[in-house]
Number of protein chains: 2
Amino acid sequence: MNALCSNTRMNRSSTILSKSPAEIASSEQIGLPHAPTFSPLYQQIKALITQSLEAGEWKPGAPIPSEVELAARYKVSQGTVRKAISVLAAENLLVRRQGKGTFVATHSEARAQFRFLRLLSEEGASTAYASHLLECRRLRAPAEIARPLELKPNEPVILIKRTLQFGELVAVFDEIWLPGNLFRGLTPERLAAYHGPLYGLFETEFGTRMIRASEKIRALAADAVVAAALRVAPGHPLLNVERVSYTYGDKPVEVRRGWYVTDTFYYQNDLS
Amino acid sequence: MNALCSNTRMNRSSTILSKSPAEIASSEQIGLPHAPTFSPLYQQIKALITQSLEAGEWKPGAPIPSEVELAARYKVSQGTVRKAISVLAAENLLVRRQGKGTFVATHSEARAQFRFLRLLSEEGASTAYASHLLECRRLRAPAEIARPLELKPNEPVILIKRTLQFGELVAVFDEIWLPGNLFRGLTPERLAAYHGPLYGLFETEFGTRMIRASEKIRALAADAVVAAALRVAPGHPLLNVERVSYTYGDKPVEVRRGWYVTDTFYYQNDLS
DNA sequence: TAGTGGTCTAGACCACCAT
DNA sequence: TGGTGGTCTAGACCACTAC
């Protein structure tokens, strides 16, 4: 029935977890013949670790238990735990440091700063920037925002408008939309007082960690409002970046529309 | 001295390869104290497999020897070969198919078609397109092309100009620069006769396989020439994509400048 | 049925880091 | 010195694909 049935070695079939992996593996179709739904042990362990991350059992930046400890906890071999952790590290949820331990990844780190901001100066350097808050208010979600956030129309959302300034140059204008219910204590004062990457604030103060994002990039002419914010002429060509960010379980938790001035900066992308 | 000295188990120190891994590992600094230059066995195996790929021992689309065979050939355990192959598969150089074997990745495959063309229609579909050759000639490399291709100024290069048409819409204008010495038999006739992805042609006919690429993306206004090719008004906002593609050993082998009409298409990018 | 890649284990040893 | 992650092995068994 469940995935573990095919694992016949004694220590396999006797696997007992606080939350049984059988419970996880069997949650998929039951009556379909010839649909094996085989789930490797390490993927089940990975799911358990992800649950602990999502539940906040280990905080961003903090170490998780050692591989030996986790192997004992889940009653599997160290190698199986290693494989699960390796996948999570490849997905940027965990960071392994030889000799020290495995840590929960965090956006409040120099390393991760530019993982979600691919704007580089002409010399190829990731430049420091300053954020300027223009607006932050709560409103009811318009349809085109509610849809990607998987909210009902008119549910509360937070709208943040800001610019990013690199040296003298205002290069980015952002409209950031967040589900109001997930970010209850987010006020203009709170935002203005915070310095650092927004995603760092979100994960430490609101328990919402951005895992991945998907961007749609276009070129368009600046309208009057955006042109004023970016100090360019209306009609100036701008890079338009529409991002949807996701947290655990592929749940969308942010819509971000950015307008980039790419006269002396460019959006960097590596294909591999 | 070399990296294998630290591997003391008998079957480790007795490792003998047709091309000794010691030779590879020892090619780095010798006199520097406290600089270990430890190179895991699987990375040395990976380098050997890469050499065979580069030398064309196994052709694109063809299977490489089984893990057991490679383990015997390199006199290491199957697990070590597995790890080396896993890394190469993660880098898209190999493709593993359970029950069938491991195959050399190829651009002449539906799977790989849109790995290097991230242009999607508004509905999110990767649409079929037709390529129209505008120009193909040999000339001496201008400085701004010679530099990224790591050629001497005035070395021969091939310049290809083309458009890509999605249904009725001409959405892409490309300028493609290739090292003349690597693509000797590349003629306009040859190009016009070929239908399919260019990178497929390059790997099957010229033995040059594109491994990865790096793109710089900007928004700019269409100039007269590009506007005419794309059937838009001069000044129309266009996405400008400057790509450098690399083959084995991070050797640059293509510079590509693209101009995309993003009124009904967009450039898709996933951050993770 | 035979061969492939995929999973899992157990144990040994290494490199790195803190103390 | 002891603990962490990293490498490597040997062997068993499983899932998938072909013949």
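As a basis for the values below, the full set of heavy atoms in this structure was taken, side chains included, without hydrogen atoms, waters or symmetry mates. Just so we're on the same page: letters track the sequence lines, and every chain starts at 1.
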Selected nucleotide, minimal atom distance to [X] side chain, candidates [options]:
X	options	value
A/Ser77	C/dC8, D/dT7, C/dT7	C/dC8
A/Pro40	C/dT9, C/dT7, D/dC8	C/dT7
A/Thr80	C/dC8, D/dT9, D/dT7	C/dC8

Between [N] ([atom2]) and [X] ([atom1]): distance, integer Å:
X	N	atom1	atom2	answer
A/Lys46	C/dC8	NZ	C1'	18 Å
A/Tyr42	C/dT9	OH	P	13 Å
A/Arg82	C/dC13	CZ	P	18 Å
B/Glu69	C/dA2	CD	P	18 Å
B/Phe103	D/dT17	CZ	P	11 Å
A/Tyr74	C/dT9	OH	C1'	19 Å
B/Gln78	D/dC8	CD	P	15 Å
B/Lys83	C/dG6	NZ	P	15 Å

Who pairs with [X] by salt bridge (charged side-chain N to carboxylate O under 4.0 Å, His left out), at least two apart in sequence or on another chain?
X	result
B/Glu150	none
A/Lys83	none
B/Glu203	B/Arg209
B/Arg118	none

- Evaluate salt bridge (Lys or Arg N to Asp or Glu O under 4.0 Å) for A/Arg190 paired with A/Glu205, printing each intermediate quantity in order. CA-CA 10 Å; A/Arg190 191 77 168 274; A/Glu205 301 296 314; 2.6 Å; yes

- Note on the structure: In short, salt bridge (Lys or Arg N to Asp or Glu O under 4.0 Å) pairs touching residues 53-65 of chain B with sequence neighbours left out are B/Glu57-B/Arg73

- Note on the structure: Contacts of B/Phe103 meeting ring-ring contact (aromatic ring centres under 6.0 Å, His included) (sequence neighbours excluded), chain-then-number -> none

- Identify, residue by residue, the members of residues 53-68 of chain B with a heavy atom below 4.0 Å from DNA chain D, and return them in order of residue number, or none. none

- Message: Looking at D/dG5, I'd like to know if its phosphate oxygens (OP1 or OP2) sit under 4.0 Å from a side-chain N or O belonging to A/Thr102.
- Response: yes

- Item | With sequence neighbours excluded, residues passing side chain to side chain contact (heavy atoms under 4.5 Å, CB included) with B/Arg82 | B/Glu67, B/Gln78, B/Arg96

- For DNA chain C, what residues of residues 87-100 of chain A have any heavy atom nearer than 4.0 Å? A/Gln98, A/Gly99, A/Lys100

- Going by the angle between their ring planes, with limits at 30° and 60°, are A/Phe206 and A/Phe202 parallel, tilted or perpendicular? perpendicular

